[in-house]
Amino acid sequence: NAGVTQTPKFQVLKTGQSMTLQCAQDMNHEYMSWYRQDPGMGLRLIHYSVGAGITDQGEVPNGYNVSRSTTEDFPLRLLSAAPSQTSVYFCASRYQNRGSPLHFGNGTRLTVT
Amino acid sequence: DQQVKQNSPSLSVQEGRISILNCDYTNSMFDYFLWYKKYPAEGPTFLISISSIKDKNEDGRFTVFLNKSAKHLSLHIVPSQPGDSAVYFCAASAAYNFNKFYFGSGTKLNVKP
């Protein structure tokens, strides 16, 4: 059981470049989400999805796009990277019930120069 | 403005003693709280949770206390072990949108042998 898998582990982008961070889970979780972790700020929710075809915004959605075409995958797209998007990104999933905790991937460290 | 705050960035404790990690929240609608533990280069892993209908929840060496009137929760680890050295995040969600979790900025616990 792989759990939540994120690729790549590390990425360096130049300002204005685009890229997609991949996230896949094999636990048949309905809910998937993306967080960013910045020093002194904890984890902040970017976007989340409660099922295929359904996405919604979190606390810090600007500059990021998501889509959910399958239950397993939830990619995060940066259309035009900015230095402010330098961060560690975590994907998390869970069953869609109140008592179910989030299961996190190991993160993608992104640097935008 | 952060709705969940961990005001101690770090804590150092001797092995075998009690570790107490604190967390405050501002949103009175939060009714479900979780603690996560994070090792370097890994994603956060779920530790323990508590619902607002309880004021205490135990799981082995870990106990979470909730004081709703003070909007405060704490995680007690007894006895502390060197393997407990990690960053601990508290998180909260509200019934009106339990798809959004709000995280604190984390407390780095160092348990000295």
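The chains referred to below are lettered A, B, ... by the order of the sequence lines, with proteins before strands, and numbering in each begins at 1.
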Closest approach of [X] to [Y] (non-hydrogen atoms, all atoms of both residues):
| X | Y | result |
| --- | --- | --- |
| A:Asn97 | B:Phe98 | C-CE1, 4.3 Å |
| A:Asn106 | B:Gly43 | OD1-N, 3.1 Å |
| B:Lys38 | A:Gln37 | CE-OE1, 3.6 Å |

Check for me, please, whether [X] and [Y] land in the same ILVMFWY cluster - side-chain distances under 4.5 Å, paths through other members count.
| X | Y | value |
| --- | --- | --- |
| B:Ile77 | B:Phe33 | yes |
| B:Val64 | B:Ile20 | no |
| A:Met32 | A:Val66 | yes |
| B:Phe89 | A:Val60 | no |
| A:Tyr64 | A:Leu21 | yes |

Would you find more than 12 non-hydrogen atoms of other residues, nucleotides or ligands less than 6.0 Å from [X] atom [atom1]?
| X | atom1 | result |
| --- | --- | --- |
| A:Arg44 | CZ | yes |
| B:Arg61 | CZ | yes |
| B:Lys108 | NZ | no |
| B:Lys68 | NZ | yes |

As an exercise: rank A:Ala92, A:Gly99, A:Cys91, A:Pro39 by heavy-atom pairs under 4.5 Å with chain B and give me the winner. A:Gly99
Contact between B:Tyr36 and A:Leu102 at the side-chain level, heavy atoms closer than 4.5 Å - yes or no? yes
Within the structure provided, determine whether B:Phe101 and A:Arg94 are in side-chain contact (heavy-atom separation under 4.5 Å). yes
So which of B:Ser49, B:Ala95, B:Pro44, B:Ala91 has the biggest tally of heavy-atom pairs under 4.5 Å with chain A? B:Pro44
Best-contacting candidate, B:Gly104, B:Ser51, B:Ser105, against chain A by heavy atom pairs under 4.5 angstrom: B:Ser105
Counting distance only, does the side-chain N/O of A:Tyr35 pair as donor-acceptor with the main-chain N or O of B:Phe103 below 3.5 Å? no
Between A:Tyr31 (side chain only) and B:Asn99 (backbone N and O only), is there a donor and an acceptor less than 3.5 Å apart? yes
Of the backbone (N, CA, C, O) and the side chain (C-beta and beyond), which part of A:Gln57 lies under 4.5 Å from a heavy atom of chain B, both, or neither? backbone
For A:Leu45, is it the side chain, the backbone, both, or neither that has a heavy atom closer than 4.5 Å to a heavy atom of chain B? side chain
For B:Gln2, which atoms come within 4.5 Å of any heavy atom of chain A: side chain, backbone, both, or neither? side chain
So which part of B:Tyr32 gets closer than 4.5 Å to some heavy atom of chain A, the side chain, the backbone, both or neither? both
